[in-house]
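For reference, the structure discussed in these notes is given below.
Because the structure is predicted, anything quoted here is derived from the model rather than measured.
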Amino acid sequence: MSYSYFSDAYAEPSRQQYPPPNYLPPNPQHFSDHPGRYNSNDRARAWTSAGRGSTTAGRFGGRSTGRGFEHTNARNPNQNYSQNYNQKVQNPNQYQTISERFTKLKLAEEENATTGINFDAYEDIPVEITGTDVPKPVNTFAEIDLGEVLNDNIKNRCKYVKPTPIQRHAIPVALAGRDLMACAQTGSGKTAAFCFPIISGVLKTTSSAPVYGRREMVAYPLALVLSPTRELCCQIFEEAKKFCFETGVKVAVAYGGAPVYPQLKSLERGVDILVATPGRLTDLIERSRISLAKIKYLALDEADRMLDMGFEPQIRKIVERLDMPSRGSRQTMLFSATFPTEIQRLASDFLKDYIFLSVGRVGSSTDLIQQKVVFVEDSEKRDYLRNLLHDEKAKGNLGKNALTLVFVETKRSADSLENWLCRIGFPAAAIHGDKVQFERERALRSFKNGVTPILVATDVASRGLDIPRVAHVINFDLPRDIDSYVHRIGRTGRAGKSGLATAFFNDKNSSIAKAISELMKEANQDAPDWLNQYAESHSSSNDYRHGSSKFGGRDFRSGNGNNADDGGNADYRGTSNSYYDYAPSPVAAEFSTSNYGGGGGGGGYESVVASGWE
DNA sequence: AAAAAAG
């Protein structure tokens, strides 16, 4: 297996001026045995056999960010995962090389092709659960009482053989009626993780028919699922509909950019579960077409994005100022791949006595994704991209079954890059927020079905979208925050498949050099020396996005352990269970319990977090 | 200084 576009590229005269020679990756051999992308038919086959199309929403695969475990580690040096983590840091050589792991997983992918999910990728997955009275995880769907019809859908229609790690832990928590903050990469089965308990709960409730006022109806959904983009909203809706098949549970969708009337018609037919984006939802509430008064379940997908600056007021309005029942009288579940501390703090306003769950690999958010960073000046990016795409194409890594997703910074550059790519013979589509909804959906469709194997996108496509067969994510422009980077590269390497992520880096990106470098290290991949140098000379930022290890992956409530005895935070004291999932011995026996709220225990936490709580 | 989300 040869993977050599680096050497090829550098041999070209047109590119010899950059990157400067000293920016060359120190060890070209590192790239010489790239394991290649998955045989992209795997998924297609899997889905065909399951009788599904390829547009199904994310439910499998992926890893979550394991960041933050190191803090726990500092505090509990005796725990299993901590030891493991230490070993990793101190002696990386004792571990299999990336390519060995890739090869192993590649083989496993093929074996697992029929189930559509590569469970071997979840070996030894670390799990952290904090909160009071944590319900025990389950190992099979059979152990969960979801109701007969739903069980049948899961088993016979969706062909789910066993729950993914996030599902194993989140479903029991949700069924116990507990609020939940869950950290796991999109595509790891989060949609199902919150849909199953909601559907099951709705089945036990009397459906509420729309109430007719003097003239028009008002819909009273029992469950609300919010998503930050329209496309993700559609994806969740499709997924939920499938789960609800023949259960009698009614799902409806409401998002902007599309005609209101059909959405209203479907609301009129009654709705149990409403999947929506914030704008259209608020609009419909204010027009008194929807009331949230009967909401029993609230789920926020990509919750950290939803609570991000600029978005948060809208969400807060929906959750706190409109007619939504207060926390405690509804069940709230937040899901995301990244959960920065600041966001956790905001989110805790929506939750009551919640359980924090983090499922991911220690020290690696992305170990199935081979990350590469190359130094490319802005003015040379197009040339570089052209050569890169030519090489990938020559190797069969670009085409109908090996899609390439190119992220750019602005809507304008998305259009212009799309145009240029088409002109130079690479069929491409573009998606961004200035296109009308129809164009957005058309672009996504032509990408998914391989008509345009290249999609140029802004961050509208960075989160949650489950696009099978994405073999390569190119960060043509790096994002300004590392969370976005994590989400973007998470569009590949899904369902336990391997993937490649290439980033074009230059001076303008120095603020996230450190974060990328750390992310790569934690994924056991070698960041180039020049990147590490950037990381060192630009390590000052206190911004949580640029700082180190603040993705979440760890319950921010744990940070105030030292104050537990003052009584003020008693509500937040909980038990933490950290252990390896898919361990050889029964999971229950693997629980190693420690009390994070017990005070003392050696601090070592980000002071930012602790002081924030005072 | 960007993107997203209502029309």
Side-chain angles (χ1 to χ4, degrees), chain A residues 186 224-237 253-264 267 274-290 292 300-319 321-322 336-338 343 378 405-418 430-441 443-444 455-465 475-488 490-491 504 506-512 541 543 545-546:
Chain A
T186 315
L224 175 64
V225 180
L226 287 175
S227 113
T229 66
R230 297 164 183 171
E231 284 76 14
L232 181 56
C233 186
C234 292
Q235 181 180 295
I236 298 168
F237 172 62
V253 72
Y255 60 91
V260 192
Y261 187 70
Q263 294 178 3
L264 283 173
L267 290 173
L274 177 64
V275 187
T277 49
R280 178 61 61 89
L281 176 67
T282 310
D283 186 34
L284 293 178
I285 293 171
E286 285 170 350
R287 292 204 234 169
S288 293
R289 290 296 166 273
I290 294 174
L292 301 180
L300 269 63
D301 204 3
E302 305 298 337
D304 67 329
R305 176 73 187 83
M306 306 289 283
L307 292 167
D308 206 353
M309 235 178 21
F311 226 152
E312 190 225 341
Q314 284 185 62
I315 306 302
R316 205 170 272 281
K317 181 176 178 187
I318 292 169
V319 179
R321 298 218 309 277
L322 296 174
S336 182
T338 54
I343 302 291
D378 284 349
L405 185 50
V406 183
F407 282 104
V408 294
E409 173 101 48
T410 63
K411 296 180 269 201
R412 271 186 63 196
S413 52
D415 280 333
S416 113
L417 193 63
E418 172 206 19
I431 187 169
H432 61 71
D434 270 358
K435 290 196 162 196
V436 298
Q437 194 56 25
F438 170 75
E439 296 173 305
R440 284 168 59 160
E441 281 164 25
L444 194 55
L455 182 69
V456 186
T458 59
D459 267 328
V460 69
S462 65
R463 285 171 178 270
L465 293 188
N475 272 296
F476 188 88
D477 300 318
L478 274 163
R480 21 172 69 69
D481 60 83
I482 190 66
D483 297 321
S484 181
Y485 176 82
V486 172
H487 284 275
R488 285 179 177 188
R491 295 315 100 210
F504 293 178
N506 62 38
D507 277 340
K508 295 194 185 68
N509 311 116
S510 47
S511 64
I512 61 163
S541 176
D543 187 327
R545 291 163 197 291
H546 300 151

Inset, instruction - Could you tell me whether A:D415 and A:K411 have a side-chain N and a carboxylate O separated by less than 4.0 Å? - result: no
Inset, instruction - Classify the nucleic acid contact of A:E409 as base, sugar-phosphate or nothing, counting any heavy atom under 4.0 Å across all strands shown. - result: sugar-phosphate
Inset, instruction - Assign A:R305 to base, sugar-phosphate, or nothing according to its heavy-atom contacts below 4.0 angstrom with the strands shown. - result: base
Inset, instruction - Starting at atom CG of A:N475, determine the distance to atom P of B:dA3, rounded to an integer number of angstrom. - result: 15 Å
Inset, instruction - May I have the distance from A:H432 (atom NE2) to B:dA4 (atom P), rounded to whole angstrom? - result: 8 Å
Inset, instruction - For A:R230, check side-chain hydrogen bond (donor to acceptor under 3.5 Å, both in side chains) against everything at least two apart and list the hits. - result: A:Q437
Inset, instruction - Ignoring backbone atoms, establish whether A:T277 has a side-chain N or O less than 4.0 Å from OP1 or OP2 of B:dA6. - result: yes
Legend entry - Partner of A:R463 by side-chain hydrogen bond (donor to acceptor under 3.5 Å, both in side chains), out of A:D304, A:D301, A:T229: A:D304
Legend entry - Check: A:R230 side chain, B:dA5 base, donor-acceptor under 3.5 Å: no
Inset, instruction - Nearest whole angstrom, please: distance from the C1' of B:dA3 to the CZ of A:R463. - result: 11 Å
Inset, instruction - Looking at every strand, decide which applies to A:R440 at a 4.0 Å heavy-atom threshold: base, sugar-phosphate, or nothing. - result: sugar-phosphate
Inset, instruction - Determine, for A:D434 against A:R412, whether the closest basic-nitrogen to carboxylate-oxygen distance falls under 4.0 angstrom. - result: no
Legend entry - A:F407 CZ - B:dA2 P separation (whole Å): 19 Å
